[in-house]
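No experiment lies behind these values; they were computed from the predicted model shown.
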Amino acid sequence: MPSKDLVPAFIQKGSEIAGGATGAALGFLAGGPVGAAVGGATGTIITLTGEVIADFVERTLSHRETVRAAGSVSLSLKKIQERIDLGSEPRDDDFFRMRIGYRPKAEDLFEAMMIKSKNQYEEHKVHFYANLFANACFDEGLSTDTVSWFMLVIDKLTFSHIETLNEFVALGSNSKWQWGHLNTIAENSHVVAAQLEELKGMRLLSLDHWGDTPIEATPIAVQFINAIGFSNPFDSQYDHVIRSNNGAANI
């Protein structure tokens with residue numbers, strides 16, 4: 001087991017991505033949320049995540065991989081602390097419980113979050129992994145299989161894919177886009193048109209039964225966007241072809 005001093009040093013290296021969340025994460029691991037008794041599910045989260053981090057520190061990582069992995073830790077623990085401070089109770093199913101011959105599901109997913117994050121060249125997606133794990137600690141509707149698949153989706157899709165999907169989640173049933181508009185969309189942006197086909201193939205967008213079938217986000221897509229806490233710190237969304245929501249009329 002590495003020195004306890006190596007764990008705080010590791011977390012602090014994530015400040016380039018996580019900013020002030022690193023301090024919150026260190027405080028959480030040191031004693032949990034202010035005013036909260038460190039026991040029960042909260043104590044379990046502290047122990048579980050601390051042990052996984054301690055093991056992860058022993059691995060050989062590049063500087064940038066360390067920044068991303070440590071950033072995901074800080075961001076997720078800060079979000080967990082914020083929710084507990086607001087009175088949310090961690091889930092009380094088998095998510096944190098030991099399984100005969102296996103680690104707790106939460107431990108598997110926390111390590112997966114760090115591994116997936118360290119490999120992300122689109123570093124804002126680190127925030128999505130962190131939000132997903134933190135939300136899974138409270139939402140029993142996020143099964144282990146669902147969270148694992150959502151991690152795969154984040155990994156498979158580019159940030160631009162997810163941004164396009166978010167446009168349809170925001171539109172909801174008010175979407176005026178139809179699958180018959182796909183060629184017209186391609187004339188404006190081949191990338192977005194290709195993204196729509198790929199998102200449909202993953203059942204994140206409605207299936208194309210007829211040309212006038214609306215292009216809409218599916219329920220699992222809505223759950224995905226909410227679970228990852230989608231945010232866009234860039235300016236690109238304001239020029240997004242889907243944002244006009246005029247169908248093919250004014251592209």
> Does T44 offer a backbone N or O that forms a donor-acceptor pair with the side chain of T47 under 3.5 Å?
Replying inline: no

>> Please tell me whether Y129 and F150 form a close aromatic pair, meaning their ring centres lie under 6.0 Å apart.
In response: no

> Does any N or O in the side chain of S74 come within less than 3.5 Å of the main-chain N or O of G71, such that one atom is a donor and the other an acceptor?
Replying inline: no

> So, for A54 and V7, which heavy atoms are closest and what is the spacing to 0.1 Å?
Replying inline: CA-CG2, 3.9 Å

>> Test your reading of the model: is there a side-chain donor-acceptor pair from T49 to the backbone of I45, 3.5 Å cut-off?
In response: yes

>> With rounding to the nearest 0.5 angstrom, report the CG to CE distance, L48 to M98.
In response: 9.5 Å

> Do F28 and I84 come close enough that some side-chain heavy atom pair is under 4.5 Å?
Replying inline: yes

> Does the pair D93 and R97 meet the rule for a salt bridge (charged side-chain N to carboxylate O under 4.0 Å, His left out), with working shown?
Replying inline: CA-CA 8 Å; D93 54 4; R97 296 186 186 124; over 6 Å; no

> Side-chain contact, heavy-atom cut-off 4.5 Å: R59 with D55?
Replying inline: yes

> Mind checking what makes side chain to side chain donor-acceptor pair (under 3.5 Å) contact with R203, not counting sequence neighbours?
Replying inline: none

> Checking side chain to side chain contact (heavy atoms under 4.5 Å, CB included) for the pair I162/I225: CA distance, chi angles, key distance, verdict?
Replying inline: CA-CA 8 Å; I162 301 173; I225 289 295; 4.0 Å; yes

> Can you name the closest pair of heavy atoms from P8 and L26 and give their distance?
Replying inline: CA-CD2, 3.5 Å

>> Counting C-beta onward and ignoring hydrogens, is there a side-chain heavy-atom pair between M113 and I154 closer than 4.5 Å?
In response: no

> Is there side-chain contact between E197 and K200, with heavy atoms separated by less than 4.5 Å?
Replying inline: yes

>> With a 3.5 Å distance limit and no angle check, can you tell me whether N226 reaches the backbone of V222 through a side-chain donor-acceptor pair?
In response: yes

> Could you give all pairs that pass the ring-ring contact (aromatic ring centres under 6.0 Å, His included) test and reach residues 77-106, with sequence neighbours left out?
Replying inline: none

> Quick one: are W177 and E216 in side-chain contact, heavy atoms under 4.5 Å?
Replying inline: no

> Which value, rounded to the nearest 0.5 Å, describes the distance between I228 atom CD1 and H127 atom NE2?
Replying inline: 12.0 Å

> Given K13 and E65, is the salt bridge (charged side-chain N to carboxylate O under 4.0 Å, His left out) satisfied, shown in steps?
Replying inline: CA-CA 10 Å; K13 290 178 181 178; E65 287 174 333; over 6 Å; no

> Taking all non-hydrogen atoms of both residues, which atom of D212 and which atom of Q178 are closest, and how far apart?
Replying inline: CA-OE1, 3.3 Å

> Applying salt bridge (Lys or Arg N to Asp or Glu O under 4.0 Å), which residue pairs with at least one partner in residues 124-153 are found, sequence neighbours left out?
Replying inline: E122-K125

> Are the side chain of R243 and the backbone N or O of E167 linked by a donor-acceptor pair below 3.5 Å?
Replying inline: no

> How long is the span from the CD atom in E187 to the CG atom in L182, to the nearest 0.5 Å?
Replying inline: 10.5 Å

> Under 4.5 Å between any side-chain heavy atoms of L207 and W179, yes or no?
Replying inline: no

> When you look at F224 and L132, which way does the side chain to side chain contact (heavy atoms under 4.5 Å, CB included) test go after all the steps?
Replying inline: CA-CA 9 Å; F224 169 72; L132 177 58; 6.0 Å; no

>> Any heavy-atom pair between the side chains of L157 and L199 that's under 4.5 Å?
In response: yes

>> If we ignore hydrogens and angles and just use 3.5 Å, is the side chain of R83 paired with the main-chain N or O of C137 as donor and acceptor?
In response: no

>> Within a 6.0 Å radius of atom NZ on K118, are there more than 12 heavy atoms belonging to other residues, nucleotides or ligands?
In response: yes

>> When you compare the side chains of N119 and R68, does any donor N or O come within less than 3.5 Å of an acceptor on the partner?
In response: no

> So, do V153 and L204 sit near enough that their side-chain heavy atoms are less than 4.5 Å apart?
Replying inline: yes

> Of the non-hydrogen atoms in L109 and S148, which two are nearest, and what is the gap between them?
Replying inline: CD2-OG, 3.5 Å

>> If you compare all heavy atoms of L205 against all heavy atoms of L165, which two are closest, and at what distance to 0.1 Å?
In response: CD2-CD1, 3.9 Å

> Which atoms form the tightest heavy-atom contact between A70 and F10, and what is the distance?
Replying inline: CB-O, 3.1 Å

> Just how far is it from atom NZ of K176 to atom CG of N174, taken to the nearest 0.5 Å?
Replying inline: 8.5 Å

>> Looking only at the side chains, is there a donor atom on one of E198 and H161 sitting less than 3.5 Å from an acceptor on the other?
In response: yes

